[in-house]
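Structure first, then comments.
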Amino acid sequence: MTYTLTTLKQAIQDFAENDETTFVSNLDNFIRNTEERLLKLVDLDYFRKNVSANMTASNKFLAVPADYLATFSLSFTKSGSNVFLLQKDVNFLQEYSPDSTVTGEPKYYGVFDINNFIIAPTPDQAYSTELHYYYRPASITTTNTSWFGDNAPDALLYGCLTEAYTFMKGDPSVIQMYEKRFVEAVTRLKMYAEGVENTDAYRVGLTRVPKQ
């Protein structure tokens, strides 16, 4: 079973037995809230991305991608090799390099705000950079299909039903049931993402689960 936006919306209405106008108008919100929960609960390799950019000489800021969630690494190219920067707190960077007019080869970076990284020392030239990061994919509400809809339909559905029944101020036992099903689906997804997807069976063997 997989879900497109159309079939997911219909499933939510069918499970909730609700096609009231206000409820239907909030379906996209239920879906986006569930997608956000899944993105924050499970570290999937599928949502990793690499982008190239350029530092600007004498500019301590580097733009953050619009779909940025978290950094895995930030590096720049020097003499054909990648030099990786160490992530630090913004306060450390501003204390380490208080005078942005003093430039040098970058050593550190931090997330300054939602639009910019801050680099220290301030770059002395326009270094080519590579950012490896965790990104927020487009919602199924705008693309009609998504990775979650194709590969984690149970987690997507039960998360949406939890949102829907909370909105409806439904029976707490029903909300609890759907939340339990959501947690079970997320647990399976985490086992795949963090126990199988990121594991080399040749080196560490197959993932084993103790018998119950």
Side-chain angles (χ1 to χ4, degrees), residues 35-140 142-143 145-152 155 186-208:
E35 290 173 328
E36 195 67 18
R37 289 184 73 187
L38 289 170
L39 283 170
K40 301 296 176 56
L41 288 170
V42 186
D43 178 11
L44 287 154
D45 283 353
Y46 182 81
F47 299 123
R48 298 187 179 206
K49 184 186 287 188
N50 275 16
V51 294
S52 298
N54 289 285
M55 295 181 190
T56 303
S58 301
N59 182 357
K60 64 181 179 179
F61 296 112
L62 178 67
V64 171
D67 58 0
Y68 172 87
L69 281 176
T71 309
F72 291 111
S73 67
L74 175 61
S75 64
F76 67 90
T77 302
K78 177 184 177 183
S79 301
S81 299
N82 284 344
V83 179
F84 288 87
L85 303 181
L86 297 177
Q87 187 172 19
K88 294 288 187 178
D89 182 78
V90 172
N91 294 329
F92 171 90
L93 300 178
Q94 292 177 324
E95 182 177 15
Y96 175 81
S97 184
D99 186 351
S100 61
T101 64
V102 178
T103 63
E105 182 179 308
K107 294 182 179 180
Y108 308 108
Y109 79 98
V111 180
F112 186 76
D113 57 29
I114 62 172
N115 296 313
N116 296 282
F117 294 118
I118 183 172
I119 308 297
T122 301
D124 56 356
Q125 58 182 280
Y127 294 101
S128 175
T129 67
E130 182 177 52
L131 174 67
H132 183 46
Y133 70 105
Y134 192 56
Y135 78 98
R136 176 182 285 106
S139 171
I140 194 174
T142 61
T143 60
T145 60
S146 71
W147 190 94
F148 288 127
D150 291 341
N151 298 279
V186 167
T187 299
R188 291 191 295 270
L189 192 58
K190 285 177 68 69
M191 184 177 295
Y192 162 73
E194 299 164 21
V196 177
E197 188 180 39
N198 293 328
T199 302
D200 183 340
Y202 175 77
R203 294 181 180 277
V204 301
L206 295 174
T207 301
R208 299 184 183 277

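Atoms OG and CG, from S73 and L131 in turn, are 7.0 Å apart once rounded to the nearest 0.5 Å. To the nearest 0.5 Å, atom CZ of residue R48 and atom CG of residue D45 are 4.5 Å apart. Atoms OG and CG, on S100 and L93 in that order, are 13.0 Å from each other to the nearest 0.5 Å. Rounded to the nearest 0.5 angstrom, T129 OG1 and L85 CG are separated by 9.0 Å.
Scanning both residues, N82 and E130, for their nearest heavy atoms gives ND2-OE1, 3.9 Å. Smallest separation of non-hydrogen atoms from Y127 and T77: CD2-O, 3.8 Å. The shortest heavy-atom contact between K78 and V83 is CB-CG2, 4.0 Å. In plain terms, the two heavy atoms of P121 and P106 that are nearest each other are CD-CA, 3.8 Å. The minimum heavy-atom distance linking T142 with A138 is given by the pair OG1-CB, 4.0 Å.
In this pair, F72 and Y134 present their aromatic rings perpendicular. The plane angle is above 60°, beyond the 30 to 60° band. Ring geometry, F92 versus Y96: the interplanar angle falls under 30°, so the pair is classed parallel (tilted spans 30 to 60°).
Side-chain contact between F148 and L39 is present, with heavy atoms from C-beta onward closer than 4.5 Å. Here the side chains of P65 and Y133 are in contact, with some heavy-atom distance below 4.5 Å. F117 is listed as a side-chain neighbour of T71, based on a closest heavy-atom distance under 4.5 Å. Using a 4.5 Å heavy-atom cutoff, the side chains of L38 and V186 are in contact. Looking at Y192 and N151, their side chains never come closer than 4.5 Å, going by heavy atoms from C-beta outward. By the 4.5 Å heavy-atom criterion applied to side chains, L69 and K40 are counted as neighbours.
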Please tabulate, one pair per line, all N/O donor-acceptor pairs under 3.5 Å involving side-chain atoms of residues 52-63, not counting sequence neighbours.
from : atom 1 : to  : atom 2 : distance (Å)
N59  : OD1    : F61 : N      : 3.0

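Salt-bridge formation is detected for the pair R136/E36: a Lys NZ or Arg NE/NH1/NH2 atom is positioned less than 4.0 Å from an Asp or Glu carboxylate oxygen.
Taking the six-membered ring for Trp and the full ring otherwise, F76 and Y109 have centroids separated by 6.0 Å or more.
With hydrogens and angles ignored, the 3.5 Å screen pairs no side-chain donor or acceptor of T122 with any backbone N or O of T101.
Enclosure of atom NZ in K107 is not indicated, since only 12 or fewer non-hydrogen atoms of other residues, nucleotides or ligands lie within 6.0 angstrom.
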